[in-house]
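Residue numbers count from 1 along this sequence.
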Amino acid sequence: MIQPAIWPEAGVSTEVLPYFKLSGPVGTSLSRGGLTFASGGSVEVDGYFNLFNLGKWRNLCGLDPISLWLKGKGRFRLTVWLAEPERSVERTFDEIVILDGEFSLPLEGIEIQGSGILFFGLTALAEGEISDFGWITTAPPRRRPDLIISVTTFKREEAVAVTIDRFRRFRAASPLRDHIRMFVADNGQSLTVEPDEAVTIFPNANLGGAGGFSRGLLEARKAGATHCLFMDDDASTHMEAITRTWMFLAYASDPRTAVAGGMLNGDYRWQLWENGAVFDRGCKPLYFGCDLRDRQAVFNMEFETTAPAPSGFYGGWWFFAFPVDKVQHMPFPFFVRGDDVSFSLVNDLRIVTLPGVASAQESFIDKASPQTWYLDMRSHLAHHLSLPQKSISWGKLQRMFFNFYLRTVLRYHYDSLSAVNLAIEDVLRGPQFFAEHADMAQRRRDLKEMTRTEIWTPLSFPPRPRHGRASRPLRALLLMTLNGHLLPFADLFGSDLVVEAWAREDFRQVYGARQITYVNRQRNSTYMVRRSRRRFWQESLRLLKNSFKLRRAYCRLQDEWQGNYPALTSDRFWQEKLKLSAEADRPLKNSGLDLETGT
C-alpha cells in the first residue's frame with residue numbers, strides 16, 4: 001500500500017475535517033479509527049491527510065496503475081472524483097458496491113495535465129462499516145529503502161519514551177518492519193529506555209540539534225542505511241506518515257528525492273504553520289495559515305506543490321527524509337536553528353512535500369527570546385557568507401540588517417537587539433568560532449546574563465489587554481522617528497499598553513506606547529519593556545559600528561566562510577567533536593581549516 005489511511009489521533013490531531021467530511025448517521029472511533037454507518041450516512045475522503053495527489057506520484061514516480069483499496073462490509077454508493085486546477089471536479093467512478101472484506105477498484109485511463117487529485121466518497125445504503133482504506137499499485141518499487149529514523153533528544157525523557165513506544169508498536173505491525181529502525185541520539189545522556197532490534201540509543205555529547213542529527217547520520221551510514229529521516233523527539237506525527245514517506249522514496253524516479261514534512265500549528269491543529277519554507281534573507285514559511293478544513297485551499301496547495309520547489313526551498317528537521325548517499329555536507333555546527341536550512345541548500349536534494357506528512361508543533365509565539373534572535377541572525381548571516389548560491393550584494397544584506405533592527409527597536413526589545421549585535425560580532429570572528437563553540441555553552445550563559453527585561457515572569461492574574469492604536473498620521477510620525485526614539489522628550493508621553501504575545505510582530509499595536517506589557521499564550525506569564533533612549537542609542541550605534549566592520553571585511557569573510565565550510569560540515573569534523581574517531585586528526589586552525597570532506 002503506497003498511501004495508507006490516516007485517522008484522527010489523540011496527541012497529533014483530533015480534528016475531523018482535515019481527514020474527511022462526515023454527513024448523516026456515521027461516526028469514527030478516536031481510539032481505533034474506522035467508520036461505522038447507519039443507512040444514509042456518508043463520508044467524503046477529501047481532506048489534507050487522505051486525498052491522493054496523483055500528479056505528484058505521476059510526475060515524480062511515473063506511477064501507473066493506481067487502485068483504491070477498501071476494507072469493510074455493507075452496501076454503499078462509491079464515488080471517485082478527479083480534481084484538476086481551473087476545471088470542474090469530474091466523477092471517474094460512481095456505482096453501487098457490496099463490501100464483504102477487502103475490495104480493490106482499479107482506476108485506469110485517467111488523464112491529467114500535470115496536477116491532479118483523487119478523492120472518494122461513500123454513502124451507506126444500509127448499515128455498514130469501513131475499517132480501513134488506502135491507495136495501492138501493482139507496479140514494483142524502484143528500490144527498497146533501508147530507513148533509519150534519527151531522533152535527537154535532550155532531557156525530555158517522558159516525551160521520547162512515548163515516541164519510542166509508538167514507533168515500536170507501529171513497526172511491529174508494519175510490513176516494512178525489516179526496513180525501518182530508530183536511532184536516538186541522547187544529548188542529555190539521561191534515557192533509561194532499553195534498546196532492542198527496533199530502537200538503538202546512543203549517549204551523545206550535547207552539541208544541540210546539529211550534533212544530535214549528525215550523530216544519527218553517522219550511525220546510519222555505519223549501519224548501511226540508504227535513507228535517513230530526521231524527526232522530533234515528541235514525534236507529534238502520524239506513524240503512517242513514515243509508511244507514505246518510505247513508499248514515495250521507494251518509487252521516486254529521481255534518486256535525489258527527499259521528503260519534507262509540514263508543520264501543524266499546535267494550538268489550532270486544523271492550521272498549517274508551514275508546508276516547507278524558502279530562505280531569502282529570512283526564513284519564509286510557505287502556506288502559512290492554510291486552513292486544512294477548507295478543501296479548496298488544500299487542493300490549491302497540492303496543485304501548486306506538484307510543480308518543482310522554488311529556489312531556496314528547505315525542509316525542517318521535525319520531519320525530513322533524504323538519501324544518505326546524496327549528502328555531501330553534514331550539518332553545520334549551529335547548535336540549533338539554521339542547520340536544517342543550510343543542509344537543504346548545500347546538498348543536491350530534490351525536496352518534495354506529501355499530503356498528510358506533517359508534525360504538530362508547539363506555537364513559536366512564546367518562544368521568541370534574545371537567544372532565538374541571536375541564533376537567527378548568526379545563521380542568516382552565515383548562510384549568505386558561506387553558500388555561493390545565497391551570496392547577495394552588500395545593499396541586500398543591509399536591508400536584512402535593517403529588518404532585524406526595526407523588528408526589535410520599534411518594540412523596545414533592546415535585549416534582542418543586543419543579541420543581534422552579538423551574533424554579528426561572532427560571525428565577524430570567522431567560522432573557527434563556530435568550530436570552537438559547537439556546544440554554545442558560553443554563549444548560552446552570556447545571553448542569559450544579558451537578558452534583563454525580556455524574561456517571562458509567572459503571574460496569577462495577568463492584566464487584560466489594553467490597546468491604544470495611534471491614528472494614521474501619528475503612526476507615520478512615529479515610524480519616521482522609530483516609535484518616538486528620535487523625538488525630544490519622548491519618554492514623557494505615550495500610553496502603557498498590554499499586548500498579547502501573538503501581536504509582537506504587529507508594530508501598529510505598539511506605536512506611541514511608552515511601556516508595553518506582553519502576555520503569553522497561556523495568559524499566566526508576562527514581561528514588560530519600556531522605551532529607553534539610552535539603550536536605543538547604545539545598541540543602535542553598536543549595530544552601525546558592526547555594519548561598518550562587516551562592510552570592510554565582506555569580501556574577505558565570504559572567502560573565509562566559503563573556503564572553510566566543507567571542513568566544518570565533514571564527517572571527520574563531527575567524529576572529532578563527538579569523540580567518535582579512534583585517533584584525532586590535526587586540529588582546525590584559525591588561519592585556514594582543512595578542506596577535506598572526510599567522507
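Counted within 6.0 Å of CD on Glu362, heavy atoms from surrounding residues, nucleotides or ligands total 12 or fewer; the atom is thus considered open. Other residues, nucleotides and ligands contribute only 12 or fewer heavy atoms inside 6.0 Å of the CG atom of Asp100. Residue-environment remark: NZ (Lys222) stays at or below the threshold of 12 foreign heavy atoms within 6.0 Å. Around the CD atom of Gln389, the shell of radius 6.0 Å holds more than 12 heavy atoms that belong to other residues, nucleotides or ligands. At most 12 non-hydrogen atoms from other residues, nucleotides or ligands lie less than 6.0 angstrom from OH of Tyr268. Within a 6.0 Å sphere centred on CZ of Arg144, heavy atoms belonging to other residues, nucleotides or ligands number 12 at most. Within a 6.0 Å sphere centred on NZ of Lys326, heavy atoms belonging to other residues, nucleotides or ligands number more than 12. Around CZ of Arg77, the count of heavy atoms belonging to other residues, nucleotides or ligands within 6.0 Å does not exceed 12.
Less than 6.0 angstrom separates the ring centroid of Phe37 from the ring centroid of Phe76. The six-membered or imidazole ring of Trp7 lies near that of Phe20, with a centre-to-centre distance under 6.0 Å. Remark: aromatic rings of Phe103 and Trp69 are distant, center separation not under 6.0 Å. Here Phe573 and His329 keep their ring centres 6.0 angstrom or further from each other.
Note: His380 and His383 have parallel aromatic rings, judged against thresholds of 30 and 60 degrees for the angle between ring planes. Using cut-offs of 30° and 60° on the angle between ring planes, the pair Trp317 and Phe230 is perpendicular. Between Phe52 and Trp57, the ring planes lie parallel to each other; the angle is under 30°, not in the 30° to 60° tilted range. Relative ring orientation between Phe299 and Phe119 is described as tilted, the plane-to-plane angle lying within the 30° to 60° band.
Between the side chain of Arg142 and the main chain of Tyr251, a donor-acceptor pair closer than 3.5 Å is present. Put simply, the side chain of Asp339 gets close to the backbone of Ala210: a donor and an acceptor are under 3.5 Å apart. Side-chain atoms of Thr257 do not come within 3.5 Å of backbone N or O of Arg350 as any donor-acceptor pair. The main-chain N or O of His238 is never found under 3.5 Å from a side-chain atom of Glu9 such that the two would form a donor-acceptor pair. Looking only at distances, a side-chain donor or acceptor of Arg143 sits under 3.5 Å from a matching main-chain atom of Leu249. A donor-acceptor pair under 3.5 Å is formed between the side chain of Trp318 and the backbone N or O of Gly262. In terms of modelled atom types and a separation under 3.5 Å, the side chain of Ser174 and the main chain of Phe170 share no donor-acceptor contact. Between the side chain of Asp146 and the main chain of Thr226, no donor-acceptor pair closer than 3.5 Å is present.
Contact check on Glu240 versus Arg244 returns no salt bridge, with no Lys/Arg side-chain nitrogen under 4.0 Å from an Asp/Glu carboxylate oxygen. Electrostatic pairing of Arg337 and Asp376 counts as a salt bridge here, judged by a charged N lying under 4.0 Å from a carboxylate O.
Taking CZ of Phe319 as the start and OG of Ser359 as the end, the distance is 8.5 Å to the nearest 0.5 Å.
Evaluated for a side-chain hydrogen bond (donor to acceptor under 3.5 Å, both in side chains) with Asn204, the options Thr153, Asp186, Thr152, Asn187 yield exactly one hit, Asn187.
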- Item | Steps toward side-chain contact (heavy atoms from CB on, under 4.5 Å) verdict (Leu70, Leu78) | CA-CA 10 Å; Leu70 302 172; Leu78 170 61; 4.2 Å; yes
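For the residue pair Phe154 and Asp233, the shortest heavy atom distance occurs at N-OD2, 4.4 Å.
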